[in-house]
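Order of the sequence lines sets the chain letters (A, B, ...), proteins ahead of strands, with each chain counted from 1. Values below: all heavy atoms of this structure, side chains included; hydrogens, waters and symmetry mates excluded.
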Number of protein chains: 2
Amino acid sequence: MSAEIDNRPRRARAKRINDPEGMRRKVLDVAEAAFQARGYHASSLGDLMAAAGVSSGALHHHFPTKKALALAVIDERVAAAVEDTWIAPVRQAASAREGVRQVFEAVAAELERQGFVRGCPLNNLAHELSLADPELRLALANIFSTWRQAIADRIVADQREGREQGTDPRHFAMFAVAAYSGAMSMAKAAQDARPLRDCLAALEQSASQAASSEPEPVARRRRRVLRRYSAS
Amino acid sequence: MSAEIDNRPRRARAKRINDPEGMRRKVLDVAEAAFQARGYHASSLGDLMAAAGVSSGALHHHFPTKKALALAVIDERVAAAVEDTWIAPVRQAASAREGVRQVFEAVAAELERQGFVRGCPLNNLAHELSLADPELRLALANIFSTWRQAIADRIVADQREGREQGTDPRHFAMFAVAAYSGAMSMAKAAQDARPLRDCLAALEQSASQAASSEPEPVARRRRRVLRRYSAS
DNA sequence: TTATAAACAGGACGATCACCCTGTTTTGGA
DNA sequence: TCCAAAACAGGGTGATCGTCCTGTTTATAA
């Protein structure tokens, strides 16, 4: 019985413990913000290095190429942003429709508070990179897919509980995400949150027309302000 | 009586008459296609010069800077594309809702025929340039505004003729454009026309729920295939 | 014709880009 | 303690970018 048995679980590779300030995380922070504010092509690695305070060697140690950095931002940051901003609120809301309404409301309020519109991180990158690289496109498309699936799942749950009827889950999810993405596009171009407000109003009108079978008493409004979309 | 009287109307500046092949037009053709396929930043002037077969001197004679070229593409091509693809069809349709439906249908069919998705030219440029330059942003926002106004005007006309009621024109227009733009974003990311189809289905379902007051008998479907979105 | 300016041609320039390469320091396991 | 590998530092490199600049051709007005 050698003492190796106790040491075996320690065979993990030499890793962090170093990294007192988290260089990789810092680069991801800066890259996420820069891609959101200026886009992928307009953000040079020199800019990112300066903003993050890291050397060229450090950056390329963690991210061999700029594309690898983009992939990391997409997988580790954009996906999380969609999860926090959309998926979790929709899951926690009283219903799918109410969840969609709440997110529109919360994002519109946040944009009005900020005074400017940077757009949807996923949508921004999707436009710039979908045709540029198949791998990046797939990563972005998967996030869109997860996003839609969460809404569709919520519709199915609502239907099982008798809160929703006659609605195709996939169609509704696609529609909700499309309306949001498109509204954010126009909000970004106009630098105005009104597109979100108008779409929310149109969404509620079409919902109220279909609510003749719903006994719900208008559904109470929960105050839920998102923390995403912070100024740089 | 000198002969000068006859010559006076000829005082117009020396211009075209030259330009046998239309160099400016050729550059705009190539730039429009390249911005659509690869985006603004990813399209170098060298690429455009090579593709158009023009020299650096010629290009910079017609467009002093790359930004000026982008502005010309936006004002002279993107605006026209929106007019041809959306505004004219909506004006000619039996109603605003039917026009929106037809455009969705036509674009979806065209994308399926092509087998790939380049996205909406306006939306593509809006995402890349809205935060990059105020002048370009304004030009793009104005096209969005014209687009929405045309739909809203059509709703108002429908209401005057008793074909529509209880619909806020601005909200509906914003909603229709947002749903289209967002659906095209996802179609581009997924390289699949289904987002258009799904949104069309969701749009028709919500319309049918509100159609209890409409005496229209489902509205016949007009075959209208768009010529935009040609392969490069 | 002659003068003038527009319409091009095409090379040159400085800046910037993403990436590489050679060291040096640090870390964790033996 | 020793060593191999990871974690950085930082200057260099070739390519490419948008723009400029100097000529040459072409068309129009006088």
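- Atom-to-atom, CZ of A/F63 to C1' of C/dC20 comes out at 18 Å; the value is rounded to the nearest Å.
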Measure all distances between protein nitrogen or oxygen atoms and nitrogen or oxygen atoms of nucleotides 15-17 of chain D, and list the pairs falling under 3.5 Å.
{"unit_1": "D/dC17", "atom_1": "OP1", "unit_2": "B/S44", "atom_2": "OG", "d": "3.3"}

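- The CG atom of A/L48 sits 16 Å away from the P atom of C/dT16 (whole-angstrom rounding).
- Atom CZ of A/R25 and atom P of D/dA7 are 16 Å apart (whole Å).
- One atom, CE of B/M49, and another, P of C/dC8, lie 14 Å apart when rounded to the nearest Å.
- There is a side-chain donor-acceptor pair under 3.5 Å between A/K188 and A/N124.
- With sequence neighbours left out, A/F63 forms a ring pair (Phe, Tyr, Trp, His ring centres under 6.0 Å) with no residue at all.
- Evaluation of the side chain to side chain contact (heavy atoms under 4.5 Å, CB included) rule for B/A68 yields B/P64, B/T65 as partners, not counting sequence neighbours.
- Contact between the side-chain N/O atoms of B/H61 and the OP1/OP2 oxygens of C/dA7 is found at a separation under 4.0 Å.
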Short heteroatom pairs, N/O only, protein and nucleotides 20-25 of chain D, under 3.5 Å:
{"unit_1": "D/dC20", "atom_1": "N4", "unit_2": "B/S56", "atom_2": "OG", "d": "3.0"}

Determine all donor-acceptor pairs shorter than 3.5 Å in which one atom belongs to a side chain in residues 139-146 of chain A; sequence neighbours excluded.
{"unit_1": "A/N142", "atom_1": "ND2", "unit_2": "A/L138", "atom_2": "O", "d": "3.2"}
{"unit_1": "A/T146", "atom_1": "OG1", "unit_2": "A/N142", "atom_2": "O", "d": "2.9"}

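- Applying the salt bridge (charged side-chain N to carboxylate O under 4.0 Å, His left out) rule to A/R197 yields the partners A/E105, A/E112; only residues at least two apart in sequence or on another chain are considered.
- As a whole-Å value, the separation of B/L59 CG from C/dA9 P is 11 Å.
- When the P atom of C/dA7 is taken as reference, atom CZ of B/R24 falls 11 Å away, rounded to whole Å.
- Not counting sequence neighbours, A/D153 has no partner by the salt bridge (charged side-chain N to carboxylate O under 4.0 Å, His left out) test.
- Taking the salt bridge (charged side-chain N to carboxylate O under 4.0 Å, His left out) definition, one finds that B/R148 meets it with nothing, sequence neighbours left out.
- Ion pairing between B/R91 and B/E83 holds under the 4.0 Å rule for side-chain N and carboxylate O.
- Residues passing the salt bridge (charged side-chain N to carboxylate O under 4.0 Å, His left out) test with B/D168: none are found, sequence neighbours excluded.
- Checked against D/dC8, C/dA6, C/dA9, the side chain of B/A58 finds its nearest nucleotide in C/dA9.
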